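The model shown is predicted, which means the values in this text are computed figures rather than measured ones.
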Amino acid sequence: MTLPRHALWVGGAPGAGKTTVATRIARRHGLRWYGADTKTWAHRDRALAEGSPAALRWETMTPAQRWEGLAPDELLELSLHTERGPMVIDDLRRLPTSPLVIAEGSPLSPAGVCLGVAERSRAVWLLPTPEFQRAQLEEREVPRGPRALYLLIAAQIQREATKHAVPILTVDGSRDVDETVAAVESLFAEALVEGPRAETLAERRALLREANRAIVSQVREGRSRPWADGDADVAIREFLCECGDRACAASIWLAVGAVFASPALAPGHG
């Protein structure tokens with residue numbers, strides 16, 4: 001199964017800046033954004049339905065047991081990192097073919113370029129240095145267990161990217177966000193020109209609304225699990241400003257319920 005031609009892929013480890021880069025490009029060029037993290041629970045449910053031993057084991061564990069005392073290979077297995085790659089491709093194939101999709105996440109393996117899963121000109125992996133990734137995870141206050149998993153995923157992606165010589169951008173803090181976005185845009189230049197892209201303000205606003213709704217769904221689905229605590233609608237998350245201006249890079253921290261009820265707009269944006 002191949003990555004559909006209407007999808008551009010930005011891969012890499014957690015903490016590499018994939019979401020920031022992909023959403024900036026989506027807003028600037030009128031693309032649909034797909035974040036693999038927003039499908040975490042849908043993918044877990046699919047793995048459960050398919051009888052995945054790792055998914056079934058994970059569901060029987062307490063939240064503490066999922067992170068404490070596990071060997072590195074167990075952490076990776078329980079994360080469904082490998083199993084989710086084909087699920088991501090299935091998700092992308094179900095999306096409309098217009099406009100282009102810029103998809104980002106960790107599950108799709110760099111091996112896919114050599115296997116014909118992804119086109120070299122439509123895929124790139126952001127590879128953070130260990131120092132940069134650790135600093136980013138600490139800044140985000142990622143707990144110790146998930147942090148260990150994210151470092152493992154980074155090491156695996158680094159090995160695969162080196163082995164298969166895929167297009168990469170090293171992320172070490174030497175480029176700022178704008179420079180990193182420009183570098184990815186340069187790699188995708190031909191595809192971005194080819195399109196199709198959303199051209200009208202109404203179309204761009206609808207795409208941003210769709211992106212924010214995906215984040216809302218992610219939080220609500222996570223909080224609906226039997227072992228989860230807290231009201232999803234009062235959880236505070238970062239959302240994209242939905243003004244639709246191509247130059248807008250604003251984001252807003254809002255309660256999930258508020259974003260579900262009405263568009264997210266940065267102050268002064270309308």
Are [X] and [Y] close enough for a salt bridge, meaning some N to O gap below 4.0 Å?
X    : Y    : answer
E50  : R46  : yes
R220 : D233 : yes
R213 : E242 : no
R144 : E68  : no
E59  : R225 : yes
R24  : D178 : yes
R28  : E185 : yes
E194 : R5   : yes

Over all atoms of both residues, closest heavy-atom pair of [X] and [Y]:
X    : Y    : answer
H269 : A250 : CE1-CB, 4.3 Å
L80  : R44  : CD1-NH1, 3.5 Å
W227 : P63  : CE3-CG, 4.2 Å
A148 : L75  : CB-CD1, 4.3 Å
L240 : L208 : CD1-CD2, 4.0 Å
A198 : P99  : N-CB, 3.7 Å

Worked check of salt bridge (charged side-chain N to carboxylate O under 4.0 Å, His left out) between E74 and R66: CA-CA 9 Å; E74 290 180 295; R66 293 167 186 158; over 6 Å; no
Using modelled atom types and a 3.5 Å cut-off, is there a donor and acceptor pairing between side-chain atoms of [X] and backbone atoms of [Y]?
X    : Y    : result
N212 : P263 : no
S186 : A182 : no
R32  : V101 : no
Q65  : T62  : yes
R209 : S262 : yes
R147 : V142 : yes
E203 : T200 : yes
Q156 : S109 : no
R84  : A36  : yes
E83  : S52  : no

Shared hydrophobic cluster, L31 / V177 (ILVMFWY, side-chain heavy atoms < 4.5 Å): yes
Co-membership, hydrophobic cluster, residues L152 and L137, 4.5 Å side-chain: yes
Sole candidate of L108, T19, V124 that passes side-chain contact (heavy atoms from CB on, under 4.5 Å) when paired with V10: V124
With a 4.5 Å heavy-atom cut-off, do [X] and [Y] have their side chains touching?
X    : Y    : answer
L92  : L3   : yes
R237 : L254 : no
S217 : T38  : no
C241 : S251 : no
L169 : R175 : yes
R134 : Y150 : no
M61  : L78  : yes
I157 : L127 : yes

Once you round to the nearest 0.5 Å, how far does [atom1] of [X] lie from [atom2] of [Y]?
X    : Y    : atom1 : atom2 : answer
W125 : K18  : CH2   : NZ    : 12.5 Å
L126 : T170 : CG    : OG1   : 9.5 Å
S106 : I153 : OG    : CD1   : 5.5 Å
I102 : T23  : CD1   : OG1   : 8.5 Å
W9   : F188 : CH2   : CZ    : 10.5 Å
I25  : R27  : CD1   : CZ    : 12.0 Å

S121 versus E190, side-chain donor and acceptor atoms under 3.5 Å: no
Aromatic plane relationship, W58 with W41 - under 30° parallel, 30 to 60° tilted, over 60° perpendicular: tilted
